[in-house]
Structures are given as C-alpha cells and as structure tokens.
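Quick notes on the structure that follows.
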Amino acid sequence: MAAVLRKLIQGRLPALAGVLCRRSGNEGHLFLNSSGSTLMQPRCGYSSPTESVIVEMDKATGVALLKLNIPPVNSLSLPLLTELAIVLDKLEMDKHCRGLILTSAVPNIFSAGLNLFDMMDKPNEHYSEFWRAVQEIWIKLYGSSLANIAAINGSSPAGGCLLALCSDYRIMANNPHFTIGLNETRLGIVAPFWYDILQWRVHHPPPCLHLFVMALVFRLHVHHPSAMTKVTRAYSTELKISVSYVKQPINWRSHEIYK
Ligand SMILES: CCCCC/C=C/C(=O)SCCNC(=O)CCNC(=O)[C@H](O)C(C)(C)COP(=O)(O)OP(=O)(O)OC[C@H]1O[C@@H](n2cnc3c(N)ncnc32)[C@H](O)[C@@H]1OP(=O)(O)O
C-alpha cells in the first residue's frame with residue numbers, strides 16, 4: 001500500500017490531470033448498528049453478475065439496498081464501477097423501485113475510493129475508459145430520479161466520499177475509527193470543480209431537506225399509508241421544494257459559491 005501511494009505521489013499519474021480538468025464530460029427496516037453495519041430484512045433480491053454489488057430489493061417499500069462487496073476495501077475499480085453503473089441503470093428502469101440506499105458489505109469500510117492500480121502502469125486507453133466510468137457513476141447517482149441515501153458504514157476516503165456526496169443524503173456510523181474526506185489531494189489528484197458544488201450542497205441543506213428525509217425514513221419504518229398521506233399533505237410544499245433541491249442539476253455558473 002505504502003509503495004503504491006509513494007509511486008502515485010511521485011507524480012506517475014499519466015493522463016489523469018487532463019481528464020480531471022475536462023468539464024464534459026419484515027418491512028425493510030434499516031438500522032445502522034454500533035459497528036456501522038447495516039441490517040435490513042430483504043424481501044427479494046438480484047445482484048450484479050459477480051456479486052460485487054449485492055442488491056436487496058424490498059418490494060413492499062420499493063427501496064433497493066445496494067451493498068458494495070469487493071473485499072478488502074471496496075476500491076472502485078473499472079469492473080466495480082461498470083457493475084454499479086449496470087445496477088443503477090436497472091433500478092432506474094424498474095418501475096417498482098422508488099429509492100436506493102448505498103452501503104457496504106465489507107466490515108468497517110464503505111469504500112477506499114478509486115482503485116489505485118487503475119491509475120498506474122496502464123495504457124492510455126485504460127485511463128480513458130476508467131475516468132469515463134468514474135464520471136458515469138457520479139452522473140448516474142447524482143442525476144438519479146430515485147431518492148438515494150448513502151449509509152456510510154465504514155471509512156470512506158476520496159472516491160468513497162464522492163459516492164456519498166453524489167447521494168441525496170448521507171448517514172454515517174458514529175465510530176471514531178471511520179474516516180471520510182478528500183485525501184486524494186495528497187496524491188496530487190485535483191478534485192474537479194463540481195466536487196466543490198457537491199460539498200457546498202452538503203453544508204448548506206435547506207431545512208426542508210431534513211423533512212424530506214424524515215418522511216422517507218418514516219415511510220420505510222412505519223407501514224401506515226394513511227399516516228404517511230397526512231404527513232405528505234401537511235408538508236406538501238416543503239416536500240416539493242426539497243425534492244427539487246436534491247434533484248436540481250448542477251449549474252455551476254449560477255451557483256452561489258461562484259457568484
Ligand atoms: C473525478 C472524480 C475525482 C475523484 C478523485 C478520487 C480519487 C481517489 O479516490 S484516489 C484513491 C484514494 N484512496 C486512498 O488513498 C485510500 C487509501 N486506503 C486507505 O486509507 C486504507 O486502505 C483504508 C482506510 C481504506 C483501509 O484501511 P485498512 O483497513 O487498514 O486496510 P489496508 O490499508 O491494510 O488496505 C487493505 C488492502 O487494500 C489495499 N487498498 C487500500 N486502498 C486501496 C485503493 N484505493 N486502491 C487499491 N487498493 C487499495 C491495500 O493496498 C491493502 O492491500 P494489500 O497490501 O495487498 O493487503
């Protein structure tokens with residue numbers, strides 16, 4: 001690990017800087033226990049071909065639980081990114097699916113971020129394909145029409161943090177050993193401009209966003225349609241605002257931090 005990091009820090013990140021600068025480019029109860037692992041009672045499931053992304057679809061709520069499952073650290077390799085993209089596409093097209101929760105099947109690790117081995121000693125074609133896959137994931141997650149929540153049940157540096165930032169809402173297990181943040185700057189990787197916006201959005205959520213998530217969690221935990229209808233009616237305006245907020249496209253020119 002140390003040797004890999006040293007090699008990357010020494011500036012052997014061919015093709016990376018250019019790509020990063022380019023601008024195109026029972027009832028499904030969810031708990032985080034003290035160790036941060038997620039417990040959910042699955043109703044039915046389908047997973048990616050290699051089970052690197054386990055999918056547990058709760059038919060009653062229409063919420064899919066996605067568990068990243070590439071030990072030891074769920075590093076985001078090209079195959080994992082590709083499988084995750086396929087799963088996200090399938091869920092987007094599934095008319096019964098209303099939301100998704102992204103978490104990890106690996107104890108203590110949500111994701112170690114981008115796979116370091118995909119960023120070194122590879123031909124240029126590989127870098128193009130890899131970075132296209134990275135961008136595709138954040139676009140699919142951020143632009144998803146489904147409500148999506150990151151249940152961060154372990155450490156989540158760099159690209160792992162990106163996955164969390166792309167989600168509509170984040171819940172992290174309360175464990176002092178779990179770290180999260182953008183440590184990739186130490187490897188010489190400059191985070192692209194939209195990373196700022198994703199972070200800004202996290203630090204300045206409107207109060208109604210919390211209401212939106214409360215309603216969602218309420219829907220998952222309490223199977224009481226009439227109670228839910230009352231909540232929805234009472235707060236319909238706030239819910240509409242929060243839904244449009246979390247699903248708004250990034251428009252960096254009009255964004256407040258760039259004004
Ligand atoms: C366009 C969007 C821009 C987004 C920019 C994002 C960039 C990145 O994501 S760069 C990647 C940055 N990630 C890291 O620097 C993470 C480094 N890893 C860690 O900090 C730790 O490994 C850990 C906290 C995630 C887990 O710690 P621990 O449980 O102690 O496990 P080990 O450190 O012993 O690691 C086990 C095993 O996993 C290998 N490994 C760790 N991280 C990666 C990785 N990102 N890619 C590939 N492999 C990784 C590590 O080398 C160990 O392997 P072995 O030595 O063979 O056991």
Side-chain angles (χ1 to χ4, degrees), residues 1-25 35-37 52 67-85 88 102-122 124 126-143 150-167 170 172-173 175-202 250 252:
M1 180 74 199
V4 173
L5 290 177
R6 216 172 302 122
K7 197 168 179 189
L8 287 169
I9 291 166
Q10 280 163 0
R12 290 181 220 173
L13 283 169
L16 185 61
V19 177
L20 282 173
C21 292
R22 230 175 277 151
R23 285 185 172 168
S24 60
S35 70
S37 51
S52 55
K67 296 193 227 174
L68 302 177
N69 184 36
I70 297 281
V73 289
N74 280 337
S75 64
L76 303 171
S77 60
L78 184 54
L80 177 56
L81 290 167
T82 307
E83 291 210 13
L84 185 56
L88 291 173
L102 183 64
T103 191
S104 162
V106 176
N108 303 324
I109 307 284
F110 179 72
S111 167
L114 305 186
N115 187 314
L116 297 170
F117 299 99
D118 272 298
M119 296 189 277
M120 55 191 275
D121 298 337
K122 296 280 189 295
N124 280 346
H126 180 87
Y127 298 130
S128 303
E129 204 184 342
F130 178 67
W131 285 101
R132 185 200 49 73
V134 173
Q135 299 205 33
E136 200 181 344
I137 283 300
W138 91 262
I139 288 169
K140 280 187 195 301
L141 266 180
Y142 182 81
I152 308 159
N153 53 349
S155 291
S156 189
C161 182
L162 169 69
L163 289 183
L165 288 173
C166 293
S167 301
R170 290 139 291 278
M172 186 161 180
N175 184 321
H177 298 295
F178 295 168
T179 54
I180 187 164
L182 304 183
N183 71 321
E184 72 266 29
T185 49
R186 293 170 72 184
L187 307 178
I189 301 178
V190 180
F193 75 99
W194 41 263
Y195 225 121
D196 275 3
I197 299 175
L198 291 174
Q199 283 195 81
W200 188 92
R201 204 178 62 122
V202 170
I250 288 180
W252 67 280

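What you see is a predicted model, and the numbers here were worked out from it, not measured in a lab. Residue indices begin at 1 and follow the sequence shown. Order of listing sets the numbers, starting from 1, for every ligand and every atom in it.
The distance from ligand 1 to the heavy atoms of Gly113 drops below 4.0 Å at these ligand atoms: 9 (O). Of all atoms in ligand 1, listed by their number and element, those nearer than 4.0 Å to a heavy atom of Ile109 are 26 (C), 29 (O). Ligand-side atoms of ligand 1 in range of Pro72: 37 (C), 38 (O), range being under 4.0 angstrom from any heavy atom.
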If you apply the rule side chain to side chain contact (heavy atoms under 4.5 Å, CB included), what do you find for Leu163 with Ile137, and how did you get there? CA-CA 8 Å; Leu163 289 183; Ile137 283 300; 3.7 Å; yes
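For ligand 1, the polar-atom distance check finds an N/O of Gly159 within less than 3.5 Å of one of the ligand's N/O atoms. Residue-to-ligand polar distances keep Val134 apart from ligand 1: every N/O pair is separated by 3.5 Å or more. The shortest N or O to N or O distance between Asn183 and ligand 1 is below 3.5 Å. When only interatomic distances are considered, the shortest N/O to N/O separation between Leu187 and ligand 1 does not fall below 3.5 Å. Residue-to-ligand polar distances place Leu116 within reach of ligand 1: an N/O pair is separated by less than 3.5 Å.
Residue contacts with ligand 1, taken as heavy atom pairs separated by less than 4.0 Å, involve Ala112 via backbone and side-chain atoms alike. Of all the heavy atoms of Asn108, none lies under 4.0 Å from any atom of ligand 1, so neither backbone nor side chain is involved.
Looking at Ile70, Thr179, Leu114 and measuring to atom 6 (C) of ligand 1, the nearest heavy atom belongs to Leu114.
Taken to the nearest 0.5 Å, the CG atom of Leu68 stands 6.5 Å off from the CG atom of Leu84. Interatomic distance, CG of Leu187 versus OG1 of Thr185, reported as 8.0 Å (0.5 Å rounding). From Ile139, atom CD1 reaches atom SG of Cys166 across 9.5 Å, with rounding to the nearest 0.5 Å.
Between the side chains of Asn69 and Ser52, no donor N or O sits under 3.5 Å from an acceptor N or O. Side-chain contact check for His126 and Asp118: at least one donor-acceptor pair (N or O, by modelled atom type) lies under 3.5 Å.
Applying the side chain to side chain contact (heavy atoms under 4.5 Å, CB included) rule to Ala150 yields the partners Phe110, Ile152, Ala164, Ser167, Arg170; only residues at least two apart in sequence or on another chain are considered. Residues passing the side-chain hydrogen bond (donor to acceptor under 3.5 Å, both in side chains) test with Asn115, sequence neighbours excluded: Ser75.
Residue contacts with ligand 1 do not include Gln135, since none of its heavy atoms lies under 4.0 Å from the ligand. Residue contacts with ligand 1: Trp138 is excluded, as none of its non-hydrogen atoms falls under 4.0 Å.
When each of Ile70, Val73, Asn153 is tested with Ser104 by the rule side-chain contact (heavy atoms from CB on, under 4.5 Å), just one qualifies, namely Asn153.
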